[in-house]
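Each remark here refers to the structure printed beneath this line.
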Amino acid sequence: MTLSRRQLLQTGLLGGLTLALAGRLAEVPAAPGFAANVADRQLIMALAPGMLGPLPAGGAAQVAGNVLKAIDGLPLAVQAELRQLFDLLHNPLARRLLAGVAAPWPEAGEQAINAFLQRWRYSRFSLLRSAYQALHCLLGAGWYGAAASWPAIDYRLPAMMKGLL
Amino acid sequence: MSKLPDPWQAGLAAGWQVTDASRLAQDLQLECDVAIVGTGAGGGMAAELLAQAGLRVVMLEEGALHSSGSFRLNEAEAYPQLYQESANRQTADKGITILQGRTVGGSTTVNWTSSFRTPAGTLGWWRRAHGLQNMSEESMQPWFERAEARLGIAPWETDPNANNAVLARGCEALGLSHGRMRRNVRGCWNLGYCGTGCATNAKQSMLVTTIPAALQAGARLLTRVRVQRLLLAGDRVKGVLAEALQADGVRASGRRVTVKARQVVLSAGAIGTPAILLRSRAPDPYRQLGKRTFLHPVVLSGALFPQRIEGYYGAPQSVYSDHFMHVGAIDGPLGYKLEVPPIHPLIMAATLPGNGAVHQRLMRQMPHLNVTLALLRDGFHPESVGGQVRLRDDGSPLLDYPLGAVEWEAARRALLSMAELQFAAGARAVLPVHEDAGLARSWREARQMIAALPMQIMRTRVVSAHVMGGAAMAADERRGVVDGDGRHWQLRNLTVIDGSLFPTSIGANPQLSVYGFALRQAEALRQRMA
């Protein structure tokens, strides 16, 4: 397999950034957990339509809330990995070079977001594919786990349980 | 709270000894005859047998106590409460997602009730290739009969739901052998929500059978307590040291729990049990611990039907086909068992490939969706050596299970078999669960597409609901971690009673195998203690 100059740049950068971030995390003695911030919420809301298709009003915000709540229930080691991923995506340089998105996430256009998702989904680097899959899983669960999504997919709890739960 | 009866409420009111360790105000020290780590299929069976024999039993469970009163058929609530890592436990390279329980009753609280005895071919292989001479259908029969009687395991006489009927119809059209499953249920409502905890207590999980019986016999249960390590003294175990968790089930509370015991039973599952032994630096002179961990790696195929399937309703699994288990030698190219999974929105959204409008269109067709699965029989082919449990820096377990050429070859074969079967059953389109696949409108189109799919992690979706091995039974100490009774080869009063002692995968849904071996090994332990 021959790597293009651009791909080499990508791996080098990714490795470097990941190391830098991992190093920073390692300085914190106790496992800190994900500790969600405003930028995390904005990022999820920006990605939600690209990952899930058009959402009703308030849908993206609901997805973001559910995703952050779900992350909070994961083992600390997994939370730390997700922290690294989100920090990476928040980094303007990484966003441009690795994700291929020029504008900050809340201002990024639909096409740029979709291109980013496809790029990581089919990346030859399993690290980027795994990052895409983590986002796919979190956002998919964040929306379709919520009862607000069920009418559109014609799903409801069994009729015989009505009034019992 | 649901309005259906919850037997735990009466039991707790009557004085069952249950301690939620997240509420401990100070460290806790206990002494008992037997400390059992884990309350799943192995620990539950052992606890009932040993407590009813008059032994003082303490059960330690990492998960929380959730019983039917809080089972609301809701995935978003159930996965964080009842499953390891919120039903998203993954192998080290993230190539395989593992469904495994973490609650009182372990995986039995959330499994889909499918009940098979250990296949004769598997036991025969253990005798021939692993030297386990007394593992036979005859020697296991009394233990399986006892487990079946205890848990109401019987043929499921109700018609299969439409999702399972696809599998039966496809098999009939292609002339493939298939059968109906037995299930561990009593008075099942046929709802289809086994995976979020049985709201009607019909499923005869450990949560409603053996654990209540053990508590009734005086056993004690500690929940939200994570065993860190064994207390070792030479070739003996003096007890276990555990950390209490906070109410979130994630972080340690700072309180420590010490349980001194004459005998320790590890029933923490095939990832948890090797992890405790690794954290304890238990003797492992032949480097066998944590090795040969098997998963029955599963690949999936979706299919859209003109009629409604509604795979969320009705007993999740009732039909199976072992046809592709028997086309070659047991140690040849990997055989696979065909079944269907239940289809619920959260897990489907996470599992189905694609994104954006394409994914949304697929989700909107969920009522018409059948999903068929193939579970690969790993651990028999010489190159199918399974995974290895290791520890992260924080001591938590991580399973390394790289998929190799033999697994990928079988995965492609299985995707082909399933697509052909789904078209034969009347599908109008088939979607192999793979990032590079699209909807195929004919078997011919599907065949060409599947032949060209790159078989790679995080392109091909691979999942697992069966974790086995890692502390294997062996005929001598050089080849495994425990003997045929589950006794640790180097630690005299330590017994492993769970799926981790299987030397290969089972080749069928493993719960009844765990129950049968658990009874056999717990009875042997009782006799040693008498």
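We name chains A, B, ... by the order of the sequence lines, and we start the count at 1 in each one. All values reported here derive from a predicted model rather than from experimental measurement. In what follows, every heavy atom counts, from backbone to side chain, and hydrogens, waters and symmetry copies are set aside.
Smallest separation of non-hydrogen atoms from Asp394(B) and Ala77(A): OD2-CB, 3.8 Å. Heavy-atom minimum distance, Gln118(A) versus Asn355(B): OE1-ND2, 2.9 Å. In this structure, Gly145(A) and Asn74(B) approach most closely via the heavy-atom pair O-OD1, 4.5 Å. Of all the heavy atoms in Tyr193(B) and Arg156(A), the pair that sits closest is OH-O, 4.1 Å.
Counting only distance, with no hydrogens or angles, the side chain of Arg459(B) and the backbone of Arg129(A) share no donor-acceptor pair below 3.5 Å. Judged purely by atom type and a 3.5 angstrom limit, Arg121(A) uses its side chain to pair as donor or acceptor with the backbone of Glu435(B).
Only the side chain of Tyr132(A) comes within contact range of chain B, with heavy atoms under 4.5 Å apart. In this structure, the portion of Arg308(B) lying under 4.5 Å from any heavy atom of chain A is its side chain and not its backbone. Heavy atoms closer than 4.5 Å to chain A are found in the backbone of Leu352(B), but not in its side chain. Contact of Pro158(A) with chain B is made through backbone and side chain together, with heavy-atom distances under 4.5 Å. For Asp393(B), no part lies near chain A; criterion is any non-hydrogen pair under 4.5 Å. Neither the backbone nor the side chain of Trp143(A) has a heavy atom closer than 4.5 Å to any heavy atom of chain B.
Of the listed residues (Glu75(B), Met458(B), Lys94(B)), the one with the most heavy-atom contacts under 4.5 Å to chain A is Met458(B). The candidate from Ser396(B), Ala349(B), Gly249(B) with the greatest count of non-hydrogen atom pairs under 4.5 Å with chain A is Ala349(B). Ranked by heavy-atom pairs under 4.5 Å with chain A, the list Ser2(B), Pro454(B), Gly69(B), Pro345(B) is led by Pro345(B). The candidate from Glu85(B), Arg72(B), Glu77(B) with the greatest count of non-hydrogen atom pairs under 4.5 Å with chain A is Glu85(B). Highest contact tally toward chain B, considering only Gly142(A), Gly140(A), Gly50(A), is held by Gly50(A) [criterion: heavy-atom pairs under 4.5 Å]. Counting heavy-atom pairs closer than 4.5 Å to chain A, the top-ranked of the candidates Gly95(B), Gly354(B), Ala76(B) is Gly354(B). Your options are Met363(B), His359(B), Arg89(B), and the one with the most heavy-atom pairs under 4.5 Å with chain A is Met363(B).
Ring geometry for His344(B) versus Tyr155(A): interplanar angle over 60°, hence perpendicular rather than tilted (30 to 60°).
Within 6.0 Å of CD in Gln9(B) there are more than 12 heavy atoms belonging to other residues, nucleotides or ligands. For Gln111(A), the CD atom is loosely surrounded, since the number of other residues' heavy atoms within 6.0 Å does not exceed 12.
Residues Met366(B) and Asp154(A) form no side-chain contact, since every pair of their non-hydrogen atoms from C-beta on lies 4.5 Å or further apart. Residues Met161(A) and Trp189(B) are in side-chain contact: their nearest non-hydrogen atoms beyond the backbone lie under 4.5 Å apart.
The pair Arg392(B)-Glu81(A) fails the salt-bridge criterion, with no side-chain N (NZ, NE, NH1 or NH2) lying under 4.0 Å from an Asp/Glu carboxylate O.
Atoms CD and CD1, from Gln365(B) and Ile153(A) in turn, are 12.0 Å apart once rounded to the nearest 0.5 Å. Taken from OH in Tyr312(B) to CG in Leu157(A), the straight-line distance is 11.0 Å, to the nearest 0.5 Å.
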Which is it for Cys137(A) and Asn88(B) under the side chain to side chain contact (heavy atoms under 4.5 Å, CB included) test, yes or no, and what are the steps along the way?
-> CA-CA 9 Å; Cys137(A) 180; Asn88(B) 198 42; 3.8 Å; yes
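For the residue pair Arg461(B)/Gln133(A), the side-chain donor-acceptor check at 3.5 Å is satisfied.
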